[in-house]
Number of protein chains: 2
Amino acid sequence: MTDSNDGNGGTGAATASVSSSSGRAGMQLGYTPLYMQVRQQLLDKLISGEWQPGTLLPSEQQLSVQMGVSQGTVRKALDALSADRIVVRHQGRGTFVAEHDQRRTLFQFFKIADDKGDRVLPETVYSQLKRAEPSASESRLLGLRPKGDVWRIVRHRALKGRVMLSEQIVLSADRFPGLDVHVPLPNNIYELYERHFVTTVTRAAEQLRAVAASAEDADVLGCSEHMPVLQIDRQAFALNGALVELRRSRCLTEQFHYASDLR
Amino acid sequence: MTDSNDGNGGTGAATASVSSSSGRAGMQLGYTPLYMQVRQQLLDKLISGEWQPGTLLPSEQQLSVQMGVSQGTVRKALDALSADRIVVRHQGRGTFVAEHDQRRTLFQFFKIADDKGDRVLPETVYSQLKRAEPSASESRLLGLRPKGDVWRIVRHRALKGRVMLSEQIVLSADRFPGLDVHVPLPNNIYELYERHFVTTVTRAAEQLRAVAASAEDADVLGCSEHMPVLQIDRQAFALNGALVELRRSRCLTEQFHYASDLR
DNA sequence: GAGTGGTCTAGACCACCGG
DNA sequence: CGGTGGTCTAGACCACTCT
């Protein structure tokens with residue numbers, strides 16, 4: 001392993017056995033702190049699938065010995081991953097790779113709430129999967145190879161027994177080979193991504209607009225045509241930063257709303 | 001000062017001269033870490049107005065001596081305040097009380113972006129202020145005394161020269177005495193709150209719905225009646241956690257959208 | 001009781017800013 | 001150049017979980 005960044009503060013005798021692996025997104029030049037290098041090393045093991053979701057990581061003590069840095073530096077790296085919800089830490093139990101369980105889906109990725117502010121997970125009442133050619137923009141955004149296909153998923157989803165949401169999902173057929181084997185798709189589709197396709201969605205960006213329901217929307221949602229509906233365009237990103245899912249939802253917002261926290 | 005929490009780890013000789021001041025929101029019972037007590041002590045000085053926005057705080061070293069805790073503990077307290085955007089830290093310069101400058105308003109509190117994803121601050125093209133009686137729910141939410149009045153502000157705001165947004169703001173007349181002296185209100189109204197009314201907005205919760213434009217909306221926004229518009233209901237909270245502002249916006253979303261990051 | 005993460009302390013050096 | 005926050009280390013004790 002190549003040493004770097006000595007730059008090694010403290011009383012320390014240990015010269016860190018941490019390879020440089022710089023190039024953190026969103027950092028300016030000049031210098032990469034040791035704990036960020038450690039963070040990246042740990043992240044690489046998650047990206048490669050060496051540590052699957054749900055796995056118990058080695059303890060801080062073990063990692064600090066393995067990586068040749070102090071326990072405090074390992075702690076800072078794990079705290080950074082924890083802040084990004086990539087790992088979950090439990091006092092007395094250990095540090096685990098975050099899973100897309102129902103709670104995470106509900107609080108990180110599903111922003112529809114009822115008028116009391118409670119979030120309710122929707123049930124899927126209709127689901128369709130087909131292979132198709134991408135549009136130019138889909139191909140560009142998903143970084144597809146020339147002539148690479150996409151999967152198109154259409155789902156209708158109900159809250160409290162009423163169909164409230166119609167969504168179309170677009171995925172690279174190369175990244176999700178044999179997706180059709182898993183039909184019918186589970187309600188929690190991000191759990192499917194991570195269990196069968198080594199793809200963990202960690203972050204998403206949504207664009208919201210008010211639009212008029214199309215004739216098809218009206219049919220699906222049981223409302224009149226031209227009814228105002230909330231259109232949500234989502235781009236979802238994996239651990240390595242790649243855009244892996246495009247999604248467009250149209251949602252009735254009479255009994256429910258989209259909740260956004262500004263902080 | 002009353003000691004508590006000894007509970008004092010480390011080699012330390014120092015018994016912390018930090019009063020208990022427990023009761024952190026969202027904490028379970030049992031115990032309050034020292035750095036959270038320090039955080040609350042610092043926060044109290046901000047709430048009281050003893051440290052105004054823009055103020056340079058004492059250095060970590062000075063604070064650690066003043067409060068009788070280690071520099072590392074002061075650091076953790078300041079890092080927590082920094083994570084909540086309550087203070088801003090600059091290496092080599094010091095720690096400052098956060099201000100509602102244009103950048104903060106743009107990135108923390110204004111979520112409308114153009115199709116390239118760039119956020120543009122809107123200009124106010126019409127503004128009206130009047131004193132009025134609150135509705136029952138307004139009185140309850142804002143915690144008004146019986147017969148306490150409210151201010152109602154109506155503003156029309158333009159992006160790139162086109163009126164895109166109509167908003168109504170409701171404030172306690174008691175909390176904002178003599179607000180009418182400041183007419184015409186500045187475009188950055190949160191800066192007004194903090195400069196003249198010792199009220200710093202730190203957090204807000206928004207509820208989004210797609211609704212049909214009313215006749216009045218259509219007139220203001222220059223669109224047809226029943227056009228789908230994005231309705232944004234905001235509740236804004238001050239440093240002490242009190243709800244201080246209610247706001248309803250209606251926004252055209254043909255050239256712009258509401259951007260929401262899920263992470 | 002053993003092991004984990006969480007807190008607290010102490011001290012050193014580094015990167016950055018201003019005068 | 002002195003002062004600030006940022007990083008790194010080392011070691012102790014605490015709260016929590018599981019066996």
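Computed from heavy atoms alone, side chains included, the values below leave out hydrogens, waters and symmetry copies. A note on names: the letters A, B, ... follow the listed sequences, proteins ahead of strands, and every chain is numbered from 1.
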Whole-Å gap separating C1' (D/dG6) and OH (A/Tyr35): 8 Å
How many whole angstroms separate atom CD of B/Gln71 from atom P of C/dC13? 15 Å
Salt-bridged, B/Arg89 to B/Glu60, with N to O below 4.0 Å? yes
Looking at A/Glu245 and A/Arg175, is any side-chain nitrogen of the basic one under 4.0 Å from a carboxylate oxygen of the acidic one? no
Apply side chain to side chain contact (heavy atoms under 4.5 Å, CB included) to residues A/Arg85 and B/Arg263 and explain how you reach the verdict. CA-CA 8 Å; A/Arg85 306 214 215 190; B/Arg263 58 176 77 214; over 6 Å; no
To the nearest angstrom, how far is A/Leu78 atom CG from D/dC8 atom P? 14 Å
In whole angstroms, how far is the P atom of C/dG6 from the OH atom of B/Tyr31? 10 Å
What orientation do B/His182 and B/Phe197 show, parallel under 30°, tilted 30 to 60°, or perpendicular over 60°? perpendicular
Inspect the surroundings of CZ in A/Arg195 and state if more than 12 heavy atoms from other residues, nucleotides or ligands are less than 6.0 Å away. no
Separation of D/dT9 atom P from A/Met67 atom CE, nearest Å, is 12 Å
Below the 4.0 Å mark, does D/dT7 have OP1 or OP2 next to a side-chain nitrogen or oxygen of A/Lys76? yes
What does the list of N/O pairs under 3.5 Å between the protein and nucleotides 2-4 of chain D look like, with a distance for each?
from: D/dG3; atom 1: N2; to: B/Gly92; atom 2: O; distance (Å): 3.0
from: D/dT4; atom 1: O2; to: B/Gly92; atom 2: N; distance (Å): 3.1

Base C/dG6 paired with A/Arg75 side chain (donor-acceptor, <3.5 Å): yes
Whole-Å distance separating the CG atom of A/Leu56 from the P atom of C/dT4: 9 Å
Among C/dT9, D/dG5, C/dG5, which nucleotide sits nearest the side chain of A/Arg89? C/dG5
Can you find a heavy atom in the side chain of A/Met67 that is under 4.5 Å from one in the side chain of A/Leu42? yes
Check the distance between C/dG3's P and A/Leu63's CG and give it to me in whole angstrom. 17 Å
Whole-Å distance between C/dC8 P and B/Met36 CE? 10 Å
Could you check whether any side-chain N or O of B/Asp84 sits under 3.5 Å from a backbone N or O of B/Ile86, counting only pairs where one atom can act as donor and the other as acceptor? no
